[in-house]
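Read the structure below first, then the notes.
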Amino acid sequence: MIDLAWLVVAIPLASSALLLLLGRRSDAWGHLLATLAAVASFVVGLLVVLEVLGQSPEERINDVHLFSWIPAGELSIDAGLRVDPLSLTFVMLITFVGSLIHVYSIGYMTHDPARRRFFAYLNLFVAAMLVLVLADSYALLFVGWEGVGLASYLLIGFWNHNTDYAVAAKKAFVMNRVGDMGLIVAMGLMFASLGTVSFSGVDAAASGLSTPMATAIGLLLLLGACGKSAQFPLQAWLGDAMAGPTPVSALIHAATMVTAGVYLIVRADSIFSAAPTAQLVTACVGAFTLLLGAAIACGKDDIKKSLAGSTMSQIGYMVLAAGLGPIGYAYAIFHLVTHGFFKAGLFLGAGSVMHANGDSTDMRTYGGLRKVMLVTWATFAVCWLAIIGVPPFAGFYSKDKIIETAFVGEGWQPWVFGGAALVGAAVTAFYMSRMFFMTFHGKARWVDEASKLGADDPRPRRHPHESPLVMTLPVVVLAIGAVSLGFLLSLGDGITGWLEPVTGHVDHPEPVLPVPVILTATLVLVAAGVALAWRQYGMNTVPLTAPAGSPLTRAARRDFFADDVNEALAMRPGQHLTRTLVYADTAVVDGAVTGAAAGTVASGRVLRKLQNGYVRSYAAMILAGVVIAGAVLHLVRL
Amino acid sequence: MSSLPWITILIAVPLVAALVLWLVPGLHRFARPVGLAVSLVTLGGAVAMATGFDPSRAGEQQLTQTVGWIPSIGASYAVGLNGLGLVMVLLALALVPIVLAADWHAVPDASEADRRATDRRRATFVALVLALASLMVAVFAARDVFLFYVVFEVMLIPVYFLVGMFGGANRRSAAVKFLVYSLAGGLIMLVGVVMLYLQGPGGPQGFLIDNLAGVVSDPTTERWLFVAFFVAFAVKAPMWPVHTWLPDTTAQATPGTSTLLVGVLDKVGTFGMLALCLPLFPGAARWAAPAIVVLALISIVYGALVAIGQQDMMRFIAFTSISHFGFIVLGIFVGSEVAMTGAMFYMLAHGLSIAGLFLLAGYLAERGGSRRIDAYGGWQRVTPVLAGLFLVSGMASVALPGLSGFIGEYLVLVGSFASSIPAAAVATLGVVLAALYFLLVYQRVFTGQPRAEIAQARADGALRDLGARERWSLVPVVVAMVVLGVLPGPVLDLLTPLAQVLALGGAQ
């Protein structure tokens, strides 16, 4: 079955191609085929997992050669699959959550005339993401890496008749390409210094890298990871990416694609282990982004943008853990998996709420929705408890491990990283509770369409209702995962043991604070965050329009001026440069040439005077020409 | 089969067909189908020829034929193909039928009274394209410097008329600009050609490339000769700062002419660098490489930046090409086998993506009545198939992995790192700029809401998505983009041996 692992990729890819090629002819059944393809991919993946489980742990790293892809002399790249516990963990996450989101989308996109195209893009995304995690070389990984970028572009811009959405899609792709540039340069340096870009080749030779080279490669890989995973300083695209249909936000911009950066860092362990500086920077980026994202999530009234800030923040946790080196890898992946479930659940819940509220994303117009959408409320509640890390929900197990590990080390680092992780937990509890209470509890800040209230009532008219089964069922499954996965994956050796063939065996040193102290502090802070949110958003009336807010709130609402910075540093100077160059190209570069041509024409006018029609003067000129030519030839001979 | 003089046949068939179509008025009415048939037959011949090509000896000239031509000056009719030549001939001959199909209405239908004149113009167009096909084969197959030079110059004639007779409003001045630029480059090269002959062994085969390789012993002379050849090729390629003829020409030419011009003829410039500059003047090439690499880097970044600011679709595509040619030249001169292999692959891949972009922009302009970018908006809803194909072509052009453009760009970049990290790092900027320039144009043309009258015309059926002829003209291009992106191996096998022979070791 391991040899057939390529089917995991091929099935959704073929389905996607078929739907795009058949066009409208497949409108009637396209969504069914695509969903079936995602499920089939999951089944094949599961069979592969079962076979790998049958192998002894040290045999579990399988390289499956497919074909010779780029045979270019000194650089010869094969297309092959790395089937090991790390890649299979991702395969399971992508295909399982992916299948659920396909099912959900059947309901969510029912009324969209282009639903078939949507499903074709979803399949394309799944296939590309699977290439990314199954590749056995950085080059093939890059195919999936940019492939998911394209799929993300297509899906963010799925409703690109709205120009803002089209701009958001472009922004995501271009910022991702900045990160991709890092990956290309990293591969160039790998080739220049090691002569290979395959995982096995790089892993075998990486210990021989000079520290500056390893650091450079590590930092460049980190740049790539920052682009894909929306980490500082390439985080600004994620909020805008919420322009895509909500299932897209759930699958791509929460559960799977944005975690690719974490995957890359863990996969490139051999590079990062040789580059402590790069590791430290990684941890710093993670710690900073986890706070940044959490702060942004606090400031947003748009439910999806708040969730986007939350995603940024949770991935910050994972990047922080990955930056801590082998002691953090397994926990980064652990949190990645549990986050995949509860964050997808939260997004789909948000989609359900939006569906019920005429596609409004403004939480200030929600409130009291528990009564009208009980299933959505219950599943959302479970995922909320999971993300803020209440035991025994999944996030408790995975996030707590990261917080503990962040407190390991010497000098200032454990205090800073551990402190950031702790504060992040408190802020997470606050903003997620804020979202939960604002949406489902308190007084309704909408009025029913049927009500007889006067037209001067400022509240929007809505007719909220529970979503159909095809939409609630996937969320229920995700919620079950959000309840149980943390416990299940830490049974026995759990996910740490499963990943050990890849991450290596590590002894976990003691944190600088005793574990019970960290645990207690975390829980107290989480409780405080929830209480604060309840006081402000559960008990009090939430105003329909946002209050002015503190400078911090206003900054968070504007994503801490990320767009303004990008505009001032890159876009405006770039536009200026472009305009100048366009002008210079016609005026200076071309002008010089046309000027020379005009000069020729003018001299032609002078020369025309020599054409006086007298044969003897022509003869004289021919003679002169021959003499000069002869002289030149003579000189050259010499 | 391989005993047939395949190359000569491929040169002769389209040329004879062109003459017949031009000279026999009775055929004018059928010029387009006949031209298409001839071009398909020629392509079939090229494929048959390729089966006789031995890939394991792709670094050598094969299918050679040498006949004395003007023995008194040492010129021979000497043709043959190595791996690169074969790839370029196949690209050229594959694009010819596509261009003929795409430019089917380059001469618009006329009333009954003007029927004869219209047919005559159509026949002229087809004849010129076929003549160009013949010359393209000859230029990639020439093994004699004099023959190469003659074809190089004669090729200007059909292009001049294609641009000057069948283009937009300012076609005449564009054609003249093209001609003057090219002639200026060509004249400098002529000086080089004569000087080179004088340096060589002379005799009836004194112009054979094989007999002239490395004959120049004096470094100063070698450098002058190198420069003389290089300037002509840089104009053709086109490199910054001698690129300004290209945007003006493509803005006026028909989409098909632009496709052949940028997709194939401009490659004669980079082909000449590989086939003449490097083997004839290896020392001078190594001497000039750092300067050329700098010019290539400027082309990459400059072309991309100026592309962002363009208002005309055809000029936009031209500037993206200037950026792409920068990558090709970088790959040739940076001094890495891998990068050089990538550059050669790039020449093929760029031919495909440029065909897609020019032809689709042409189809779009036929519908929207303008080549200005800001005349559009929301056309994805109006012409979804056109938009989808444009996106695929654009993604191939900006080197999305999985499509043909990626292989060349990736090899050029990664290979360059082994020779010069700063140069490669600058070139990588082009990757980001490419995403930006392409998606900006896609956004401005295809996203948003279409204008009301356009949406109305679409609803009335007055405005349609791509028809069968238009779709089928692009199917082979898109299929080739995908196939070469996934399985570039067979083509790379034709190119790597040559890179191993030619690459400038330690150029930096």
Side-chain angles (χ1 to χ4, degrees), chain A residues 20 23 67-75 79 139-140 142-147 149-150 153-154 157 160-163 165-167 169-170 173-174 176-178 180-181 184-185 187-192 195 197 574-575 577-579 581-582 585-586 589-590 592-594 597 600 633 636-637, chain B residues 177 180-181 195 198 240-245 248 302 305-306 308-310 336-338 341-342 378 380-381 385 388 395 400-402 406-407 410-411 413-418 421 424-425 428-429 431-432 434-436 439-440 442-443 446-449 486-489 492-493 495-496 499-500:
Chain A
L20 288 174
F67 57 90
S68 166
W69 179 35
I70 309 183
E74 293 165 347
L75 177 65
L140 191 60
F142 191 68
V143 175
W145 191 267
E146 289 231 307
L150 174 69
Y153 169 79
L154 294 170
N160 67 16
H161 47 267
N162 180 331
T163 307
Y165 294 4
V167 172
K170 182 191 68 197
F173 193 88
V174 172
N176 266 288
R177 267 237 159 167
V178 175
D180 296 356
M181 188 175 77
I184 292 180
V185 178
M187 283 190 275
L189 294 181
M190 284 177 199
F191 172 64
V197 292
Q575 282 167 350
L577 179 65
T578 304
R579 259 184 243 130
L581 284 181
V582 171
D585 193 65
T586 5
V589 184
D590 193 39
V593 178
T594 18
T600 318
L633 284 179
V636 169
R637 284 264 188 216
Chain B
K177 188 167 189 176
V180 170
Y181 244 117
M195 295 266 287
L198 297 177
W240 186 89
V242 285
H243 63 276
T244 58
W245 63 271
D248 289 354
Y302 183 93
L305 284 173
V306 178
I308 292 173
Q310 291 307 307
S336 144
E337 270 177 50
V338 172
T341 307
Q380 188 187 309
R381 298 193 124 192
V385 175
M395 285 293 153
L400 186 86
F406 172 70
I407 308 291
Y410 183 80
L411 289 176
L413 285 173
V414 172
S416 296
F417 274 100
I421 290 174
T428 315
L429 283 178
V431 173
V432 177
L436 193 60
L439 292 184
L440 262 172
Y442 188 84
Q443 178 194 319
F446 290 104
T447 72
Q449 291 284 1
V486 178
L487 287 172
L492 287 172
D493 288 342
L495 304 177
T496 27
Q500 281 159 0

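By convention in this document, chain letters (A, B, ...) are assigned in the order of the sequence lines, proteins followed by strands, and residues within each chain are numbered from 1.
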Between [atom1] on residue [X] and [atom2] on residue [Y], distance to nearest 0.5 Å:
X	Y	atom1	atom2	value
A:T578	B:Q310	OG1	CD	10.5 Å
B:D493	A:S68	CG	OG	7.5 Å
B:Q380	A:N160	CD	CG	4.5 Å
A:I184	B:F417	CD1	CZ	8.5 Å
B:T341	A:E74	OG1	CD	8.5 Å
B:L413	A:F191	CG	CZ	12.5 Å

Is any side-chain heavy atom of [Y] closer than 4.5 Å to one of [X]?
X	Y	result
A:Y165	B:T447	no
B:V414	A:M190	no
B:I407	A:W69	yes
B:L436	A:F173	no
A:V197	B:Y410	yes

(request) Mind listing the closest non-hydrogen atom pair of A:G73 and B:T496 along with its distance? (result)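 Minimum heavy-atom contact is N-CG2, 3.4 Å.
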
(request) Return the minimal non-hydrogen interatomic distance between A:A166 and B:Q443, and the atom names on each side. (result)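 What the structure gives for the nearest pair is CB-CG, 4.2 Å.
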
(request) Pick one of side chain, backbone, both or neither for A:L154, based on which atoms fall under 4.5 Å of a heavy atom in chain B. (result)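 Just the side chain, heavy atoms under 4.5 Å.
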
(message) Please classify the contact of A:L150 with chain B as side chain, backbone, both or neither, using a heavy-atom distance under 4.5 Å.
(response)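 Just its side chain gets close to chain B.
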
Can you say whether [X] sits under 4.5 Å from chain A via the side chain, the backbone, both, or neither, judging by heavy atoms?
X	result
B:L411	side chain
B:V486	both
B:W240	side chain
B:L440	both
B:Q449	both

(request) For the pair B:L439 and A:Y153, evaluate side chain to side chain contact (heavy atoms under 4.5 Å, CB included) and give the outcome as yes or no after the intermediate values. (result) CA-CA 10 Å; B:L439 292 184; A:Y153 169 79; 3.5 Å; yes

For the interface with chain B, which of [options] has the highest count of heavy-atom pairs at distances below 4.5 Å?
options	value
A:A72, A:P71, A:G147	A:P71
A:N162, A:L581, A:V167, A:T586	A:L581
A:D180, A:L577, A:T163, A:V185	A:V185

(request) Look only at the side chain of A:R177 and the backbone of B:V431, and say whether a donor-acceptor pair between them is shorter than 3.5 Å. (result)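 Checked: pair present.
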
